[in-house]
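In what follows, a single structure is set out as structure tokens and then discussed.
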There are 2 protein chains.
Amino acid sequence: MNVMNDSPRRKELTRQAAQLFVQAGFDRTTVRMLAQEMGIKSGSLFHHFRDKQEILTAVIEEGTQNALIIAKAALEQCDNSAEARLQAMARAHLETLLTDRNAHVVALYEWRRLDPEARDHLSHLRDAYEALWETVIDEALAAGLIHGDRFLVARFVMGALNWTVRWYDPSGPRSPDDLAHELVAMITHRPV
Amino acid sequence: MNVMNDSPRRKELTRQAAQLFVQAGFDRTTVRMLAQEMGIKSGSLFHHFRDKQEILTAVIEEGTQNALIIAKAALEQCDNSAEARLQAMARAHLETLLTDRNAHVVALYEWRRLDPEARDHLSHLRDAYEALWETVIDEALAAGLIHGDRFLVARFVMGALNWTVRWYDPSGPRSPDDLAHELVAMITHRPV
DNA sequence: GGGTCAACCAAGCAAGCGCTAGTGTAAATT
DNA sequence: AATTTACACTAGCGCTTGCTTGGTTGACCC
């Protein structure tokens, strides 16, 4: 076994693992399947990852970290109005859900497969992301753009967005920007 | 092996299976675990179910059918206004999510473990349920209560509701009725 | 030009998996 | 009284699983 560095090789392997985890689910993806997809033998896998669990952790960590980066960038670039920031967050969320789709689907469906330590570590990453949302929601509430409980609104909105991985078809007529706009319009009490 | 009747015994076994599926996930729940929970030996399990897959199907079918029944009853009992019907649906949805929580969590997380035939059969049940939602949403649109695309609104709302299984704590201060009210208020452009 | 090291392989172990075959038995049915 | 039915048991087959072991390869370093 090896150290748990983040070599470029390992990053590529993580990307491929994500794809298989989406297709078959974590439990049904065997180390032999993973190895074959990576073009190596199953034994060699354990040179890069301590065990199968660590591959799952790597996949989810990668996706969550990207989401955080994209969301922060989106907030820095957009206008300062509460509505613009709300929409920027929604769009960023949907875009990550698309570009890192595999990783996020894995995070949504296989979270419970993480062992307690990994779950604890990744929870902090996710909390940092959700904190961004709550900030933006607070601003929208303060601006009178939306009403209600900040906790509930944040969770309703994230639920609506995360659910899109179930039905959204990227090759369809609707763009992520489109969806973000519709969602913001739906919850906005002051039409613009 | 036996016929696939719906004896009371089988119903009870299905309920217990749902619990284990939630705790460990379908793939990690072994037939030996199921049997032990049911107080029998693993071989005896196959007297009641053709195979492990059929247990999963039974769990999901049970939950979905209940959701349909409860939603229909809620719509029949409530006022005729678009808003009352919208809220009745939301509340019914949240109540099923609570009373049949195990079955619904399984449906949400283990849907992909179903074989094609079972998935096809259960899809129709689910479609019937979602059709109820679209009717109610259409009425709300016609009444000017909400705006936007019926398809998108329906999916956003169901996403927000289904996401509650991730964070909602039934022992907390908020009732399902409470949540339903907040959700309807959030998407309603004409405050009441 | 000996040493180091990441990367890989071949072979296989121990455990656990879903499921089957064959049998026993008490209650219900004829 | 004879037969069927429902439900449970024991024993284990055949297979797959995650992971380990011991060793090879080739690129780079002083």
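Lettering of chains follows the sequences in order, A, B, ..., and the numbering in each one begins at 1.
Contact between the side-chain N/O atoms of B:S44 and the OP1/OP2 oxygens of D:dC9 is found at a separation under 4.0 Å. Residue B:H47 places no side-chain N or O under 4.0 Å from the OP1 or OP2 atom of D:dA8.
Figure legend: cation-pi geometry between A:R112 and B:Y109, with NZ or CZ positioned under 6.0 Å from the six-membered ring centre and within 45° of its axis.
Rounded to whole angstrom, the span from the CE atom of A:M38 across to the P atom of C:dA6 amounts to 19 Å. Between the CD atom of A:Q36 and the P atom of C:dC9 there is a distance of 12 Å, rounded to whole Å. Following rounding to the nearest Å, A:K41 (NZ) and C:dA10 (C1') show an atom-to-atom distance of 9 Å. Counting to the nearest Å, the C1' atom of D:dC7 and the CG atom of B:L45 are 12 Å from each other. Here the C1' atom of nucleotide C:dC8 and the CZ atom of A:F49 are 15 Å apart, to the nearest Å. The separation between A:R9 atom CZ and C:dC5 atom C1' is 16 Å, rounded to whole Å. Rounded to whole angstrom, the span from the CG atom of A:D115 across to the P atom of D:dG18 amounts to 16 Å.
Remark: B:M33 CE to B:Q16 CD distance equals 13.0 Å, nearest 0.5 Å.
A side-chain donor from one of A:H93 and A:N162 sits under 3.5 Å from a side-chain acceptor of the other.
Listed by chain and number, the residues in a side-chain contact (heavy atoms from CB on, under 4.5 Å) with B:R9 are B:S7, B:L13, B:I40, B:H48 (sequence neighbours excluded).
Ionic pairing of B:R155 and B:E134 is present here: one or more N-O contacts between side-chain nitrogen and carboxylate oxygen are shorter than 4.0 angstrom.
Identified under the ring pair (Phe, Tyr, Trp, His ring centres under 6.0 Å) test for residues 17-36 of chain B, with sequence neighbours left out: B:F21-B:F26.
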Please produce a list of atom pairs where a protein N or O lies less than 3.5 Å from an N or O of nucleotides 15-19 of chain C.
| unit_1 | atom_1 | unit_2 | atom_2 | d |
| --- | --- | --- | --- | --- |
| C:dG18 | OP1 | B:K52 | NZ | 2.9 |
| C:dG18 | OP2 | B:V31 | N | 3.0 |
| C:dG18 | N7 | B:R32 | NH1 | 3.1 |
| C:dG18 | O6 | B:R32 | NH2 | 3.1 |
| C:dC19 | OP2 | B:K52 | N | 2.9 |

